[in-house]
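When a residue number appears, it is its place in the shown sequence, counting from 1.
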Amino acid sequence: MRQKCYLVFNTVFVILFFLIFIGSIISNQSICFTTSNPLFLILSVLIVIALWTIFYKLLSKIKKWSTKTELIVVILIFTLIIGLQVFFAHFLKVKPSWDFGMIYDNAVNYAKLGSQAKISEYFAMCPNNTFPLYVLTIIYKILAKLHFYNFMSFSIGLNILSIDVALLGMYLIIRKLINVKTAIFSMIVTIFINPLFLYTPVFYTDTLSIAFPIWLFYLYLNRPKDDAPLKKIMMHSIIFSFLLFLGFEMKMTCIIIVIAILIEEILSKEVLLNKKLYVCIGIFFIVVLGIYSIINNKLTSSWDRDKSLPYIHYVMMGTSKTPLKNNKYAYGIYNVDDLGYTNSFDTEEEKIENDKKLLKERLKNYVFVGSIDFFYKKALQTFGDGTYFAPEKLRRSPIEKNYLHNIYLVDGKYFSYYFYYAEGVQLSLLLLLSTSGLSALKKKEDKTNIIRVAIFGLLLFLTIWEARSRYLINYIPIIVIGAIVGFTDIYNYIEKKVGK
């Protein structure tokens with residue numbers, strides 16, 4: 001049963017992500033660059049794959065990785081990564097604006113003024129951002145008591161820490177599932193992935209939530225069995241539940257990895273062998289979520305609930321078409337007209353009713369073939385954009401313009417070179433994801449099926465929801481694991497063939 005399910009799933013996964021790969025070359029849907037050349041994109045992919053192969057070959061020359069050698073290399077790579085992150089955070093620093101500016105400004109006001117501070121009505125409209133508001137407010141209050149008021153620098157440092165903790169989790173997982181050499185190779189691959197550096201000055205939920213999915217997966221791989229001491233099971237359950245709560249409240253897509261884990265546990269019937277663990281996790285998660293909900297409801301009791309945007313609003317917005325340059329469109333992104341439409345109704349019930357009505361009208365107008373075309377292009381726009389929408393976010397209120405903006409901003413003199421580099425990396429990851437699914441079809445047992453199910457789940461969610469390519473950021477470590485599996489499988493296959 002389990003093998004048949006994964007056989008069907010991996011077949012669909014391979015076809016789907018290969019189509020996204022091909023579509024992103026032939027008809028690239030990046031919002032940041034609307035005139036891409038397919039030949040340049042192919043060349044970029046070939047160069048990136050060639051460079052990764054060279055690095056992997058060099059690492060393969062080290063036959064035995066001692067603990068000391070591994071530690072030295074990992075420290076050197078992390079030093080390089082942190083150095084680059086600090087560099088980009090400094091020179092691409094922006095004044096907090098849009099949603100992350102709302103969170104930052106209100107957290108600063110509340111930390112300084114306490115109960116006298118007036119919280120913006122924005123949070124009544126977007127209550128999903130109240131949790132990051134609470135987190136930053138608590139942190140800023142602690143810093144203020146210590147007479148440290150450079151909240152922005154601390155927040156950027158926290159953002160960098162969040163990203164690097166996620167990379168450490170990724171490293172440990174690949175080390176466990178494959179080997180040290182491949183784990184170190186994965187760290188080298190991350191140096192190529194630009195949002196891990198360009199988003200360092202933008203401390204928003206995309207990056208602040210990046211550590212949770214990967215560490216939840218790590219905890220799953222290292223879960224205690226039912227015959228383990230109850231104290232160990234309880235401790236593991238508390239940590240897992242707390243991380244799940246933090247991740248879910250910071251960005252709800254974090255729960256997708258847990259759904260993927262549950263699917264694997266049910267199919268393998270492992271859930272029956274780990275009853276104590278899952279019962280404890282369920283209880284602790286419900287308790288923590290319940291306590292938070294009570295506190296949150298009390299803190300927000302004065303808010304006007306009718307100002308809140310219902311979930312159906314984001315689904316409706318996910319079917320919008322926004323005109324761009326060169327007769328192109330953006331599919332299912334944030335749309336000002338859709339926001340105005342929803343807010344034109346006074347009550348939450350009216351908003352839900354009319355958003356549903358508009359959603360049905362749009363889907364009816366697209367008809368079957370039109371809907372497939374729409375959602376396919378939306379998938380290309382989300383998964384095929386190697387810039388992860390960073391150029392747009394870095395364009396908004398830069399602290400000081402410098403030569404880097406000529407490279408990383410859309411109107412920059414050298415932006416096209418950066419675009420093809422970023423696309424080369426992203427399309428290489430997509431191709432290797434397809435390869436990982438292909439190799440899984442030949443394996444009886446593959447622990448990375450969970451990775452592909454999670455990525456597929458993210459794709460499904462962002463197909464339905466309002467979407468941006470930056471919404472992939474907190475799953476970059478998960479995506480890299482899937483791509484690394486694909487890379488090593490095809491590398492080993494070619495080596496065997498050449499060896500013969």
Side-chain angles (χ1 to χ4, degrees), residues 82 85-86 88-165 198-212 242 245-252 288-289 291-309 339 343 393-401 470 473-474:
I82 294 169
Q85 288 171 327
V86 171
F88 284 110
H90 176 74
F91 286 102
L92 295 177
K93 189 182 291 185
V94 293
K95 181 183 177 182
S97 59
W98 51 284
D99 293 24
F100 107 95
M102 282 289 185
I103 295 170
Y104 175 77
D105 291 340
N106 281 271
V108 169
N109 287 338
Y110 205 86
K112 289 181 176 179
L113 302 176
S115 59
Q116 294 180 345
K118 185 179 179 182
I119 300 299
S120 170
E121 288 187 351
Y122 159 85
F123 294 98
M125 185 175 70
C126 301
N128 57 297
N129 277 332
T130 54
F131 183 76
L133 170 67
Y134 296 152
V135 171
L136 289 186
T137 299
I138 291 168
I139 291 172
Y140 295 167
K141 272 183 169 292
I142 294 170
L143 293 176
K145 285 189 176 182
L146 297 173
H147 305 289
F148 183 90
Y149 296 98
N150 193 345
F151 299 142
M152 186 181 290
S153 293
F154 186 89
S155 300
I156 290 172
L158 181 66
N159 204 29
I160 290 173
L161 178 64
S162 177
I163 294 169
D164 294 342
V165 166
L198 300 189
Y199 269 99
T200 49
V202 183
F203 42 93
Y204 188 48
T205 56
D206 303 310
T207 43
L208 291 177
S209 66
I210 191 172
F212 297 110
F242 191 62
F245 162 74
L246 291 175
F248 179 71
E249 291 296 333
M250 190 64 72
K251 202 169 191 69
M252 66 178 176
V288 174
L289 191 63
I291 292 171
Y292 171 73
S293 297
I294 292 168
I295 296 170
N296 184 49
N297 287 336
K298 188 175 182 180
L299 291 173
T300 61
S301 59
S302 61
W303 292 4
D304 185 354
R305 302 297 175 188
D306 286 328
K307 289 186 180 294
S308 177
L309 293 171
L339 179 63
N343 283 334
K393 296 306 181 187
L394 296 174
R395 177 189 67 81
R396 302 182 189 185
S397 306
I399 299 293
E400 186 179 344
K401 281 271 193 144
R470 68 179 175 86
I473 290 175
N474 64 339

Asn106 side chain to Ser120 main-chain N or O, any donor-acceptor pair under 3.5 Å? yes
Between the main-chain N or O of Val202 and the side-chain N or O of Asn159, is there a donor-acceptor pair closer than 3.5 Å? yes
List for me each residue that meets side chain to side chain donor-acceptor pair (under 3.5 Å) alongside [X], sequence neighbours excluded, and say none if there are none.
X: Asn128; result: none
X: Ser397; result: none
X: Thr300; result: Arg305

Among residues at least two apart in sequence or on other chains, which ones pass ring-ring contact (aromatic ring centres under 6.0 Å, His included) with Phe151? Tyr140
Value rounded to 0.5 Å, distance of [atom1] in [X] from [atom2] in [Y]:
X: Ile163; Y: Thr200; atom1: CD1; atom2: OG1; answer: 6.5 Å
X: Thr205; Y: Ile103; atom1: OG1; atom2: CD1; answer: 6.5 Å
X: Asp105; Y: Leu136; atom1: CG; atom2: CG; answer: 11.0 Å

Going through the distances and angles, do Asn474 and Ser209 end up as a side-chain contact (heavy atoms from CB on, under 4.5 Å)? CA-CA 6 Å; Asn474 64 339; Ser209 66; 3.3 Å; yes
Distance-only donor-acceptor pairs under 3.5 Å for side chains of residues 90-100, two or more places apart:
residue	atom	partner	partner atom	Å
Asp99	OD2	Tyr122	OH	3.1
Asp99	OD2	Tyr204	OH	3.4

Are Phe154 and Phe203 close enough that their ring centers fall under 6.0 Å? no
For Lys251, which residues count as a salt bridge (Lys or Arg N to Asp or Glu O under 4.0 Å) partner, sequence neighbours excluded? Asp206
Residue from Ile138, Ile139, Thr137 passing side-chain contact (heavy atoms from CB on, under 4.5 Å) with Val135: Ile139
